[in-house]
Amino acid sequence: MTDSNKKIIIITAPSGAGKTSVTKYLLQKNPQLAFSVSAATRQPRAFEQNGKDYYFISLREFHQKIKENAFVEWEMVYEGKYYGTLKGELERIWEEDKIPVLDIDVHGAIHVQEQFPAISLSVFIEPPSVEELKIRLEKRGTENAEGIETRLKKAAYELSFKQQFNHIIVNDDLQKTFSEANKIVADFILA
Ligand code: 5GP
């Protein structure tokens with residue numbers, strides 16, 4: 001892909017607001033898009049695949065990559081758990097003439113946006129309320145009570161950054177959110 005065609009799509013939101021569902025929907029609807037697989041130091045969940053959902057690496061390997069300047073951005077998203085977008089991953093996707101879609105936390109999204117202001121599109125998925133977010137996280141069942149509490153605290157803080165993104169979609173109806181996001185992305189792909 002020539003430099004003038006390179007683009008990046010960032011989907012961000014507090015955990016549990018629906019950004020992974022939105023990301024999956026966009027990828028399924030738009031063959032020009034490809035999921036940017038992040039590196040992460042947490043344990044894989046059941047059904048998660050190395051190289052598909054994340055590159056699951058050790059803390060040591062993660063630190064090595066920081067030293068090598070291999071990340072576009074990285075964050076300790078939760079206590080002791082590191083996540084990062086690899087430069088090589090974006091390059092790999094651009095090489096395939098596709099647009100990377102990043103499903104990343106709010107701080108990571110701000111960093112990517114700062115580095116690629118001219119070529120990035122950022123969409124913030126807002127939960128209807130923190131109470132609703134709690135219900136969703138409980139239903140999802142991937143966190144224990146302490147994990148849910150941590151994510152809720154972080155969510156309240158992350159909501160304060162929403163104005164920094166190109167678009168905000170309040171996810172009170174998933175189908176409506178899907179079509180709104182798809183319209184925004186379709187316009188960006190064509191622009
Ligand atoms: P989970 O552990 O639930 O898969 O992800 C936790 C959070 O980390 C989510 O908000 C997810 O979007 C975010 N995340 C995933 N990959 C990255 C990344 O490469 N960088 C940053 N900053 N956050 C990420």
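Everything numeric in this text was worked out from a predicted model, so none of it was measured. Whatever order the structure lists ligands and atoms in, that order sets their numbers, starting from 1.
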Can you see whether Glu180 engages His167 through a side-chain donor-acceptor pair at a distance of less than 3.5 angstrom?
no

If you measure every N/O of Thr85 against every N/O of ligand 1, is any gap under 3.5 Å?
yes

Look at atom 10 (O) of ligand 1 and say which protein heavy atom is nearest, naming residue and atom and giving the distance to 0.1 Å.
Lys19 NZ, 2.8 Å

Could you see if Phe165 belongs to whatever hydrophobic cluster contains Leu159? Use Ile, Leu, Val, Met, Phe, Trp, Tyr and a side-chain cutoff under 4.5 Å.
yes

Give the residue and atom name of whichever protein heavy atom lies nearest to atom 4 (O) of ligand 1, and the separation in Å to one decimal.
Tyr54 OH, 2.5 Å

Take atom CD of Glu68 as the centre, draw a 6.0 Å sphere, and report whether it contains more than 12 heavy atoms from other residues, nucleotides or ligands.
yes

Under 3.5 Å, is there a donor-acceptor pair linking the side chains of Ser58 and Glu61?
yes

For atom 2 (O) of ligand 1, closest protein heavy-atom neighbour:
Tyr83 OH, 2.5 Å

Close approach of Trp74 to ligand 1, heavy atoms, under 4.0 angstrom:
no

Polar contact flag, side-chain donor to acceptor under 3.5 angstrom, Arg140-Thr142:
yes

Starting from atom 20 (N) of ligand 1, locate the nearest protein heavy atom and write down its residue, its atom name and how far away it is, to 0.1 Å.
Glu73 OE2, 2.7 Å

Starting from atom 16 (N) of ligand 1, what is the nearest protein heavy atom, named by residue and atom, and what distance separates them?
Ser38 OG, 3.1 Å

Under 3.5 Å between some N or O of ligand 1 and some N or O of Ala13?
no

Number the atoms of ligand 1 from 1 as they appear, then name those within less than 4.0 Å of a heavy atom of Glu75, with their elements.
22 (N)

Any idea which atoms of ligand 1 are less than 4.0 Å away from a heavy-atom of Arg45?
1 (P), 2 (O), 3 (O), 4 (O)

With a 4.0 Å cut-off, would you call Glu89 and Arg92 a salt bridge?
yes

Pair Val185, Leu33 - check side chain to side chain contact (heavy atoms under 4.5 Å, CB included), show working.
CA-CA 10 Å; Val185 163; Leu33 308 183; 4.0 Å; yes

For Arg151 and ligand 1, answer yes if some heavy atom of the residue is under 4.0 Å from a ligand atom, otherwise no.
yes

For residues Tyr54 and Tyr83, establish whether the separation of their ring centroids is below 6.0 Å.
yes

Going by the order shown, which atoms of ligand 1 are within less than 4.0 Å of some heavy atom of Tyr78?
6 (C)

Please could you name the atoms of ligand 1 that Arg42 approaches to less than 4.0 Å, counting only its heavy atoms?
1 (P), 2 (O), 4 (O)

Considering only protein heavy atoms, which is closest to atom 7 (C) of ligand 1, and at what distance to one decimal place?
Val77 CG1, 3.8 Å

Do we see a donor-acceptor contact under 3.5 Å between the side chains of Glu73 and Thr85?
yes

Nearest to atom 23 (N) of ligand 1, what protein heavy atom do you find, and at what distance?
Asp105 N, 3.1 Å

Check whether Leu174 and Leu26 end up in the same hydrophobic cluster, where Ile, Leu, Val, Met, Phe, Trp and Tyr are linked by side-chain heavy atoms less than 4.5 Å apart.
yes

